[in-house]
There are 2 protein chains.
Amino acid sequence: MKNNHVFIEKLRSSGLRPTKQRIEICKLLFDRKDTFHFSISDLENNLENLSNKKISLATIYNTIHAFREKGYLKEISINSDKTYFDTNTSDHHHFFDESKKKLIDLNDNDLGKIKIKKILPGKKIKSVEVLVRITNDK
Amino acid sequence: MKNNHVFIEKLRSSGLRPTKQRIEICKLLFDRKDTFHFSISDLENNLENLSNKKISLATIYNTIHAFREKGYLKEISINSDKTYFDTNTSDHHHFFDESKKKLIDLNDNDLGKIKIKKILPGKKIKSVEVLVRITNDK
DNA sequence: ACACTACATTAGAATCATTATAAATTATAA
DNA sequence: TTATAATTTATAATGATTCTAATGTAGTGT
């Protein structure tokens with residue numbers, strides 16, 4: 001259980017005012033052992049259950065976008081009606097379980113090295129994202 | 001310039017009735033040398049310019065979804081407000097040029113083999129998608 | 001050729017995630 | 001404490017996609 005102070009510092013040091021809504025969302029996202037993959041509606045539901053203070057949907061969107069800009073979160077590319085975010089911001093990839101609509105981390109050991117041989121002059125690589133779609137095996 | 005007959009056969013052989021709308025869309029998508037990456041609105045614009053018959057938006061959606069189901073098209077995972085499709089249905093991956101908002105094919109030679117070492121019991125791999133985001137070098 | 005039926009097309013309405021707006025509230029610095 | 005700039009909020013607007021139900025059309029059998 002982390003102290004609020006940790007989050008207040010985290011926010012302040014990246015130029016975000018530590019409001020109670022932001023701290024509440026930090027606690028939910030970052031005060032946990034495992035990676036958290038979530039959509040805005042997941043987050044909304046979790047906030048409603050775990051804290052009795054209601055945070056407006058607009059604030060949830062604003063906060064998550066601010067957190068993404070500050071590098072607290074990674075956005076994950078899935079073709080889905082919803083956008084997914086990941087509290088694990090390190091270089092890594094994902095399974096997407098199409099039956100459960102759940103993301104699963106693939107860490108370095110789970111995936112061979114990816115070698116990109118094509119070079120485009122004047123361009124640089126910003127990120128490499130691998131998504132492995134899986135389904136129930138029949 | 002391909003003959004309509006080619007498309008009529010293509011459609012019929014996969015169980016789709018060769019209607020004039022479907023043939024028109026086939027001509028636009030598949031009567032070209034290079035891969036075509038497009039969104040529904042791209043397609044809509046192209047249809048409006050290149051053919052004088054108007055095809056309703058609902059039909060464009062229906063047709064593209066049917067074509068995807070029949071394997072004529074691949075859907076591409078980018079985080080975007082729009083869904084993108086690709087006339088190249090072979091196993092391949094993409095650059096996404098974030099400056100130009102354009103997709104570029106990566107063919108087999110452009111990318112080393114991707115090895116997935118993690119196995120989840122009861123699950124099978126449906127697809128592997130690699131997206132390499134690039135920006136202007138500077 | 002005719003009629004039948006299942007499949008397709010269509011305009012417009014509905015849906016739903018996300019973004020914008022503008023008024024009220026709050027954090028911070030002076 | 002006060003000023004001001006950032007933040008939160010309810011609500012409206014947006015826009016891609018899906019749904020609906022009426023009309024049209026292709027293919028089959030007669």
Side-chain angles (χ1 to χ4, degrees), chain A residues 4-5 7-28 37-48 51-70 72-73 75-85 101, chain B residues 4-5 7-28 37-48 51-70 72-73 75-85 101:
Chain A
N4 279 5
H5 189 69
F7 299 123
I8 292 175
E9 269 322 296
K10 182 187 175 82
L11 289 164
R12 231 193 283 272
S13 72
S14 51
L16 296 174
R17 287 188 180 173
T19 63
K20 61 181 193 301
Q21 293 85 349
R22 284 171 177 168
I23 294 166
E24 202 60 44
I25 292 173
C26 274
K27 279 161 67 176
L28 206 148
H37 299 117
F38 64 97
S39 66
I40 295 289
S41 56
D42 293 336
L43 181 54
E44 200 185 4
N45 292 335
N46 276 304
L47 283 167
E48 235 163 59
S51 73
N52 40 0
K53 307 144 205 131
K54 189 175 167 307
I55 300 179
S56 103
L57 186 56
T59 300
I60 297 176
Y61 272 98
N62 290 340
T63 301
I64 292 308
H65 290 161
F67 285 7
R68 180 193 49 200
E69 255 97 79
K70 295 301 183 184
Y72 299 2
L73 294 171
E75 196 173 324
I76 303 173
S77 291
I78 310 175
N79 263 20
S80 170
D81 49 335
K82 287 175 192 166
T83 301
Y84 284 82
F85 297 90
K101 304 281 173 209
Chain B
N4 279 5
H5 189 71
F7 299 123
I8 292 175
E9 270 322 297
K10 182 187 175 82
L11 290 164
R12 233 194 280 272
S13 71
S14 51
L16 295 174
R17 285 188 180 171
T19 65
K20 61 183 193 305
Q21 291 87 345
R22 284 170 177 168
I23 293 165
E24 202 61 43
I25 292 174
C26 273
K27 279 160 68 177
L28 205 148
H37 299 117
F38 64 96
S39 66
I40 295 288
S41 56
D42 293 335
L43 181 54
E44 200 185 5
N45 291 336
N46 276 303
L47 284 166
E48 235 163 58
S51 73
N52 38 359
K53 306 142 205 138
K54 187 173 170 309
I55 300 179
S56 102
L57 186 57
T59 300
I60 297 176
Y61 272 98
N62 290 340
T63 301
I64 293 307
H65 290 162
F67 285 7
R68 179 192 50 198
E69 256 98 77
K70 295 300 182 183
Y72 299 3
L73 295 171
E75 197 172 322
I76 303 174
S77 291
I78 310 176
N79 264 22
S80 169
D81 50 334
K82 288 175 193 167
T83 301
Y84 283 82
F85 297 90
K101 303 282 171 208

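Below, chain A is the first sequence line, B the second, and so on; all start at residue 1. Remember, it's a predicted structure, so these values are computed and weren't measured experimentally.
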Exercise. Going through the checks in order, is the side chain to side chain contact (heavy atoms under 4.5 Å, CB included) test met by B/Phe85 and B/Asp42?
Worked result: CA-CA 10 Å; B/Phe85 297 90; B/Asp42 293 335; over 6 Å; no
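Contact between B/Ile25 and B/Ile55 at its shortest, heavy atoms only, is CG1-CD1, 4.1 Å. Nearest heavy-atom pair across B/Arg17 and B/Arg22 is O-NH1, 3.0 Å.
Using a 4.0 Å heavy-atom distance criterion, B/Thr83 is classed as a sugar-phosphate-only contact. As judged by a 4.0 angstrom heavy-atom cut-off over every strand, B/Thr59 is placed among the base-contacting residues.
Here the side chain of A/Lys82 pairs no donor or acceptor atom with the backbone of A/Ser39 at under 3.5 angstrom. A donor-acceptor contact shorter than 3.5 Å is absent between the side chain of B/Arg12 and the backbone of B/Pro18.
For C/dA8, the OP1/OP2 oxygens have a side-chain nitrogen or oxygen of B/Arg22 closer than 4.0 Å. Applying the 4.0 Å criterion to OP1 and OP2 of D/dT17, one finds that B/His65 has every side-chain N and O outside that range.
Straight-line distance from the CD1 atom of B/Ile55 to the P atom of C/dA11: 11 Å, rounded to whole Å. Straight-line distance from the OH atom of A/Tyr61 to the P atom of D/dA10: 15 Å, rounded to whole Å. The distance from atom CG of A/Leu47 to atom P of D/dT9 is 11 Å, rounded to the nearest whole Å. If you take CD of B/Glu69 and C1' of D/dT18, they are 14 Å apart, rounded to a whole angstrom. In this structure, CD of A/Gln21 is placed 11 Å from C1' of C/dA27, rounded to the nearest angstrom. Here the C1' atom of nucleotide D/dA26 and the CG atom of B/Leu16 are 13 Å apart, to the nearest Å. Nucleotide D/dT7 holds its P atom 18 Å from the CG atom of A/Leu57, rounded to whole Å. We find that CD of B/Glu9 is positioned 11 Å from P of D/dG27, with the value rounded to whole Å.
Residue A/Thr19 places its side chain closer to D/dT7 than to any other of D/dT7, D/dA10, C/dA17. Set against C/dT10, D/dA26, D/dA16, the side chain of B/Pro18 has D/dA26 as its closest nucleotide. When distances are taken from the side chain of B/Arg17 to each of C/dA11, C/dA6, D/dT7, the shortest belongs to C/dA6.
Base pairing annotation: D/dA26 forms a Watson-Crick or G-U wobble pair with C/dT5, both donor-acceptor distances under 3.5 Å.
With DNA chain D read from its 5' end, the first of the two nearest nucleotides for A/Ile60 and B/Ser41 is the one closest to A/Ile60. Nearest-nucleotide positions on DNA chain D for B/Ile40 and B/Arg12 put B/Ile40 closer to the 5' end.
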